[in-house]
There are 2 protein chains.
Amino acid sequence: MKVEKISELTTNRLSIYLRCLNELIAEGAKTISSEKLAKRFHLNSAQIRKDLAYFGEFGVRGVGYYVGELHNHLTKILGLEKEHCVAIIGAGRLGTALTDYYGFSQSNFTVAALFDNDEEKIGQKVGNVKIFDIKDFAKVAKRDKIDVAVIAVPAQFAQSVLEKITQAGIKAVMNFAPTPLRVECDVKLKTVDLTISLESLSYFLAHSNNANGKNLKPNSTERRNAL
Amino acid sequence: MKVEKISELTTNRLSIYLRCLNELIAEGAKTISSEKLAKRFHLNSAQIRKDLAYFGEFGVRGVGYYVGELHNHLTKILGLEKEHCVAIIGAGRLGTALTDYYGFSQSNFTVAALFDNDEEKIGQKVGNVKIFDIKDFAKVAKRDKIDVAVIAVPAQFAQSVLEKITQAGIKAVMNFAPTPLRVECDVKLKTVDLTISLESLSYFLAHSNNANGKNLKPNSTERRNAL
DNA sequence: AATTTATGTTTCAAGTGTGAAACAAAATGA
DNA sequence: TCATTTTGTTTCACACTTGAAACATAAATT
């Protein structure tokens, strides 16, 4: 385990770099310099080098980075060389939608199980994924080697679901319930709050008078989100 | 239009406060002090007062805030007193899932139209929402008074879709395509990148050795996302 | 009228992230 | 061998957010 603390913004950028490399590989590029990478994908070359330098010396001075090699390094750094098994808790609209969301299947994340407390739903299937009783979470999670959980239940149940799954040993959780959750520090929680995002758009619409001229500078918080 | 620049983190917190007030209203509370609000919902009382003070004097010294009144103020500030009409571009899995996602219908956001370029899909319906040809976006958006667009198309088409909808006058866009997009400054773009979030979880799993003791301090970036 | 409560407002220190600049080191090519 | 390219690394200034502290102000209560 690396002891230096690496900012999440840094690791988010690693994801971006990996995507860029995928494009370059598809084009057959062999090497790329930080400068060219930055130019092409609207990034910052100094930051690319700094981000990568946290994890080792992957480049060759005078040459740049070997595309395939760097891709492998980033894949390893991000832990994407192994398959991750995902459980989705909540077999409602959002949960079932996420179950066959191409974004999961495309990458190294496989949805292995759905959970709900509705007896009508338990035992049914969404695509190939079976719906289990949330009471059996610990057992099923262990059996199916679940290492990532997605919370897609109504806000009022989210905290208790979170506690249940962390007690079962899950260390990585993505939360779609529009409520802040509290977790112990050895558990990683990512909350995706669509309500806040929508209301943020609404705020913008309410406070922008569309009279001012356009300009192309992207706004800074969006830049942070995007990179 | 307020001229002071208000941080997006501030407006995100306004959304949180609004949720808290909804709970309090449901319980029949009439007034609440910033201190009690903070204690109960794990917020910071000084920050609550500061955030609210950007927009006016809503509290009563010696009393606190009148719950219903503050709720109304926040609703207005966030522009949630009017209905917003949402168009979703991309009638794939994610797009159709979002279409009947309760999170949209519950609030003041109504999905008014779906768009796609697949002739098989055009003309069909998802729930009550009709799927239109993306070529007709400008026309339909004007007719149905669309003011928010959601991009749910594959990454490689996202930028061109974005340009099409901004040319039609849309000023608020939520992007689910896993790619950074460039917009003009008078357009608000929120990118929700589930891939980055997942890979961030993967990174955490790859770099945490689960040997260290637990502690309850929430990690700072999650706190920022949640509040 | 005096006390209490709690907001509105300002100020400040601490932490974090960004991006520019400078430069040594290493590899390539002429 | 020498010049060029580009990384790896350090340093610095700038900006932003947070949260604490201090205090005046206003309302309510005794």
Side-chain angles (χ1 to χ4, degrees), chain A residues 4-14 16-17 21 29-67 69-70 73-74 180 200 217-227, chain B residues 4-14 16-17 21 29-67 69-70 73-74 180 200 217-227:
Chain A
E4 309 178 61
K5 47 177 183 178
I6 307 246
S7 149
E8 180 151 346
L9 297 179
T10 299
T11 64
N12 286 354
R13 281 190 297 268
L14 296 188
I16 305 277
Y17 302 155
L21 293 174
K30 294 301 174 202
T31 66
I32 186 93
S33 73
S34 62
E35 207 67 52
K36 280 183 193 149
L37 194 61
K39 274 268 165 49
R40 162 141 182 199
F41 296 100
H42 308 94
L43 306 169
N44 180 291
S45 66
Q47 188 150 57
I48 292 172
R49 294 203 301 278
K50 222 188 279 182
D51 287 337
L52 296 178
Y54 281 123
F55 298 95
E57 305 196 3
F58 305 131
V60 180
R61 295 166 202 234
V63 177
Y65 301 90
Y66 290 102
V67 175
E69 204 176 290
L70 185 56
H73 279 301
L74 289 182
S200 160
K217 191 160 67 73
N219 99 26
S220 67
T221 47
E222 170 59 19
R223 216 162 60 237
R224 186 188 298 163
N225 287 341
L227 307 193
Chain B
E4 309 178 63
K5 47 175 183 178
I6 308 247
S7 148
E8 180 151 345
L9 296 180
T10 299
T11 64
N12 286 354
R13 282 191 296 269
L14 295 188
I16 304 276
Y17 303 155
L21 293 173
K30 293 301 173 201
T31 66
I32 185 93
S33 72
S34 62
E35 206 68 52
K36 280 183 193 148
L37 193 61
K39 273 269 165 51
R40 163 142 182 198
F41 296 101
H42 308 94
L43 306 169
N44 180 291
S45 66
Q47 187 151 56
I48 293 173
R49 294 203 301 278
K50 222 188 277 182
D51 287 337
L52 296 178
Y54 282 122
F55 299 94
E57 305 195 2
F58 306 131
V60 180
R61 296 166 203 232
V63 177
Y65 300 91
Y66 290 103
V67 175
E69 204 176 288
L70 185 56
H73 280 300
L74 289 182
S200 160
K217 191 160 66 72
N219 100 26
S220 67
T221 47
E222 169 59 19
R223 216 161 62 237
R224 183 190 298 163
N225 288 341
L227 305 194

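Basis for what follows: all heavy atoms, side chains included, without hydrogens, waters or symmetry-related copies. Within every chain, numbering begins at 1; the chains are lettered A, B, ... in the order of the sequence lines, protein sequences first and strands thereafter.
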Are OP1 or OP2 of [N] and a side-chain N or O of [X] less than 4.0 angstrom apart?
{"X": "B:N44", "N": "D:dA20", "value": "yes"}
{"X": "B:S34", "N": "C:dT7", "value": "yes"}
{"X": "B:R49", "N": "C:dT7", "value": "yes"}

Of the nucleotides [options], which has the atom closest to the [X] side chain?
{"X": "A:Q47", "options": "C:dG19, C:dT9, D:dT17", "result": "C:dG19"}
{"X": "A:R61", "options": "C:dA26, C:dT9, D:dT18", "result": "C:dA26"}
{"X": "A:A53", "options": "D:dG19, D:dT9, C:dG8", "result": "D:dT9"}

Can you tell me how far [atom2] of [N] sits from [atom1] of [X], to the nearest Å?
{"X": "A:N12", "N": "C:dT18", "atom1": "CG", "atom2": "P", "answer": "10 Å"}
{"X": "B:E57", "N": "D:dT25", "atom1": "CD", "atom2": "C1'", "answer": "10 Å"}
{"X": "B:F58", "N": "C:dG8", "atom1": "CZ", "atom2": "P", "answer": "9 Å"}
{"X": "B:L52", "N": "C:dG8", "atom1": "CG", "atom2": "P", "answer": "7 Å"}
{"X": "A:E35", "N": "D:dT4", "atom1": "CD", "atom2": "P", "answer": "18 Å"}
{"X": "A:E8", "N": "C:dT18", "atom1": "CD", "atom2": "P", "answer": "12 Å"}
{"X": "B:Y54", "N": "D:dC16", "atom1": "OH", "atom2": "C1'", "answer": "11 Å"}
{"X": "B:H42", "N": "D:dG19", "atom1": "NE2", "atom2": "P", "answer": "14 Å"}

Item checked: Whichever of A:Y66 and B:G56 has its nearest DNA chain C nucleotide further upstream toward 5' -> B:G56

Checklist line | Upstream residue (5' side of DNA chain C) when A:V63 and A:D51 are each assigned their closest nucleotide | finding: A:D51

Next item on the list: Would you name the heavy atoms of B:S200 and A:N12 that are closest together and state the gap between them?
Entry: CB-OD1, 4.0 Å

Margin query: For A:F55 and A:L14: C-alpha separation, side-chain torsions, deciding distance, then whether side chain to side chain contact (heavy atoms under 4.5 Å, CB included) applies.
Written below: CA-CA 11 Å; A:F55 298 95; A:L14 296 188; 3.5 Å; yes

Next item on the list: Would you check if B:K36 and B:Y65 make a side-chain contact, meaning some heavy-atom pair closer than 4.5 Å?
Entry: no

Checklist line | Pairwise side-chain contact, B:L70 with B:L52, heavy-atom cut-off 4.5 Å (strictly under) | finding: yes

Margin query: Can you confirm whether more than 12 heavy atoms, excluding those of B:F58, are under 6.0 Å from its CZ atom?
Written below: yes

Notebook entry, point to check: What does A:T10 touch in the nucleic acid at a heavy-atom separation under 4.0 angstrom: a base, only the sugar-phosphate, or nothing?
Noted result: nothing

Margin query: Should the side chain of A:K50 and the base of C:dG19 be counted as holding a donor-acceptor pair, with the cut-off at 3.5 Å?
Written below: yes

